[in-house]
Enquirer: 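Let me begin by handing over the structure; questions about it come next.
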Amino acid sequence: MPTCKLIPNWKKRPAMSNKVIGSQNMQEFLKGLWKENPVFVAVLGMCPSLAVTNSAINGLAMGLATTFVLIGSSILVSLLRKVIPKQVRITTYIVIIATFVTVVDFTLQAYFPDIHKALGAFISLIVVNCLILARQESFASKNGQWRSFLDASGMGLGFTFALFTLGAIREVLGNGSLFGVSLFGKAFEPWIVMILPPGGFFVLGFLLLLFNWSAQRRKQRKMQTA
Amino acid sequence: MSTEEQMTFDQEPEPSSFRLIATLGVAGFLSGLVLVSSYLWTKPTIDANKAEEQRQAIFRVLPGTADFETFTLQDGQLQTATGPAEDRVFLGRDANAGFTGFAITGEEPGFSDIVTVIVGYHPADQAIIGYQVLDCKETPGLGDKIIRNEGFLANFSHLVVDPEIVLVKNGTKKQPNEVDGITGATISSRTVVNLLNKAMTKWKGPIDAYLQAHPELEKTTGHE
């Protein structure tokens, strides 16, 4: 099937030996970090990617909160995949996801009030991050809990990596600092537009360009060697 | 985990309505349990955080304050607040129980969402002597300068509130009741000024009445 080659891990391959399964598990984890990165390749979860990445710490916190919700709900959905009737699966997934999100919301508010203040309404909006529902529907509801856990951690960390990269670039350019530590001294005139919403689009656009360019080069090199 | 575990939805028989309702009911019930327990678990810490934040703010806007009493407005008069109340002012006292002023909060819709500010009010001078933003979601880099822009904060080291506070263009402040606005954050600056005027109109009368009834407070006033 030629379509399968484009998205290598989308469809499962036939059963193989233990060693191959081990490396497949590794693949489930690694794919989310780079090859199928939820932000830079799949372009999912754009709302938080653009809205809360005006500083490195905000991006990192949002990414980790999402990762926690993603891992928790993936394991639960995978465990319950034979119990939940397909007619009500989306509703049930949303209930599960929303529960995890609210727990994260309360926890951040209690123990990390500053981060909670900075992220504001976007914490509750993790519920409707389509990255999470997409992983439940396309992976956790069809795979065992160990593989679902690997998939969710890979995707979550890939999302965190993307948000952190966006946040760090925007903070350095827009505020002259990283993690709140000033980098260039007083002489630096910050590009305020970078921490405003348009800056999010600019930086994301450049990173998408970079990702597509590197993917294209990889393909070309493969064709040349073949 | 092998391919056999893959769900094949199409081959399953149609489940009964009861099963569907039961699944959702159980999911909702369990979710509710988790939510209630995490709410109860975190609530004391969240409340403590908020109270502590407000306490620190009171100490900051009323220099020299070591302790404070909480008052609420009842029939146009200041009454010692017993429970949690919506409208509150705080009477600050220094280490020798001397009167340091009142801390007053005010809120007003800004460029985005409500801006909440706490100020220290010195009744003898009829002036604001301290200022801190408690809650603000103004545009980062522009409107949020009302939080920590040094030029803007300097307005509130001694700002006379009678006559009414007036917002002027940046760099043109001449009168003690004028506030130098922030260039590029006119709306947020105006929000702060409106909010302070509203708060002062509301609290100035009751505070003056309270001080007249308690002349011993005026005597211990030690500011500047």
Side-chain angles (χ1 to χ4, degrees), chain A residues 12-16 21 24-25 28 54-55 76 78 80-89 91-100 102-114 116-118 120-121 141-148 174-175 190-197 199, chain B residues 1-53 112-113 133-137 139-145 147 184-185:
Chain A
K12 300 233 298 186
R13 285 131 300 183
M16 290 178 212
I21 286 172
Q24 268 186 13
N25 282 345
E28 300 297 3
N54 49 16
S55 72
L76 210 56
S78 169
L80 297 172
R81 70 190 187 280
K82 287 179 181 154
V83 184
I84 301 171
K86 66 167 184 177
Q87 287 83 353
V88 292
R89 67 184 192 284
T91 326
T92 320
Y93 299 165
I94 291 289
V95 170
I96 292 173
I97 297 167
T99 311
F100 276 105
T102 315
V103 171
V104 169
D105 194 14
F106 285 146
T107 314
L108 283 179
Q109 208 177 343
Y111 301 106
F112 303 97
D114 291 338
H116 185 268
K117 228 177 187 177
S141 61
K142 295 170 187 156
N143 288 284
Q145 48 272 30
W146 173 235
R147 285 173 71 104
S148 300
N175 204 26
W191 312 3
I192 288 182
V193 67
M194 282 304 177
I195 48 174
L196 298 180
Chain B
M1 307 293 153
S2 59
T3 27
E4 285 90 308
E5 283 202 10
Q6 233 174 305
M7 269 278 234
T8 40
F9 287 134
D10 308 329
Q11 290 161 9
E12 274 183 15
E14 188 82 5
S16 64
S17 316
F18 174 76
R19 175 130 186 261
L20 300 184
I21 294 169
T23 310
L24 286 178
V26 170
F29 177 74
L30 292 179
S31 152
L33 274 186
V34 173
L35 292 189
V36 168
S37 22
S38 68
Y39 176 76
L40 291 178
W41 176 263
T42 51
K43 194 170 187 303
T45 324
I46 293 172
D47 287 348
N49 282 346
K50 283 202 178 132
E52 179 60 24
E53 196 185 350
S112 47
D113 216 340
V133 176
L134 288 179
D135 204 1
C136 153
K137 294 188 178 66
T139 321
L142 296 171
D144 74 346
K145 284 188 183 165
I147 302 177

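We use all heavy atoms of the structure for the numbers below, so side chains are in, but hydrogens, waters and symmetry mates are not. Convention: sequence-line order gives letters A, B, ...; per-chain numbering from 1.
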Enquirer: Could you tell me which of B:Ser38, B:Pro44, B:Ser37 has the largest number of non-hydrogen atom pairs under 4.5 Å with chain A?
Expert: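 Most heavy-atom pairs under 4.5 Å with chain A: B:Ser38.
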Enquirer: Name the region of B:Lys50, side chain, backbone, both or neither, that has any atom closer than 4.5 Å to a heavy atom of chain A.
Expert: side chain
Enquirer: As an exercise, state the distance from OG1 of A:Thr107 to CD1 of B:Ile46, rounded to the nearest 0.5 Å.
Expert: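 Going from the OG1 atom of A:Thr107 to the CD1 atom of B:Ile46 covers 8.5 Å.
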Enquirer: Determine whether more than 12 heavy atoms belonging to other residues, nucleotides or ligands lie under 6.0 Å from atom OH of B:Tyr39.
Expert: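 12 or below, so no.
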Enquirer: Minimum heavy-atom separation for B:Thr45 to A:Ala110, with atom names?
Expert: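 Heavy atoms only, the tightest pair is CG2-O, 3.5 Å.
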Enquirer: Quick one: pull up NZ in A:Lys86 and CG in B:Leu20 and give me the separation to the nearest 0.5 Å.
Expert: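 The CG atom of B:Leu20 is 11.0 Å from NZ of A:Lys86, to the nearest 0.5 Å.
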Enquirer: Shortest non-hydrogen contact from A:Phe106 to B:Leu35?
Expert: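 It is CE1-O, 4.1 Å.
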Enquirer: For a quick test of your reading: what N or O donor-acceptor pairs under 3.5 Å do the side chains of residues 23-32 of chain B make, sequence neighbours left out?
Expert:
from, atom 1, to, atom 2, distance (Å)
B:Thr23, OG1, B:Arg19, O, 2.6
B:Ser31, OG, A:Thr99, OG1, 2.9

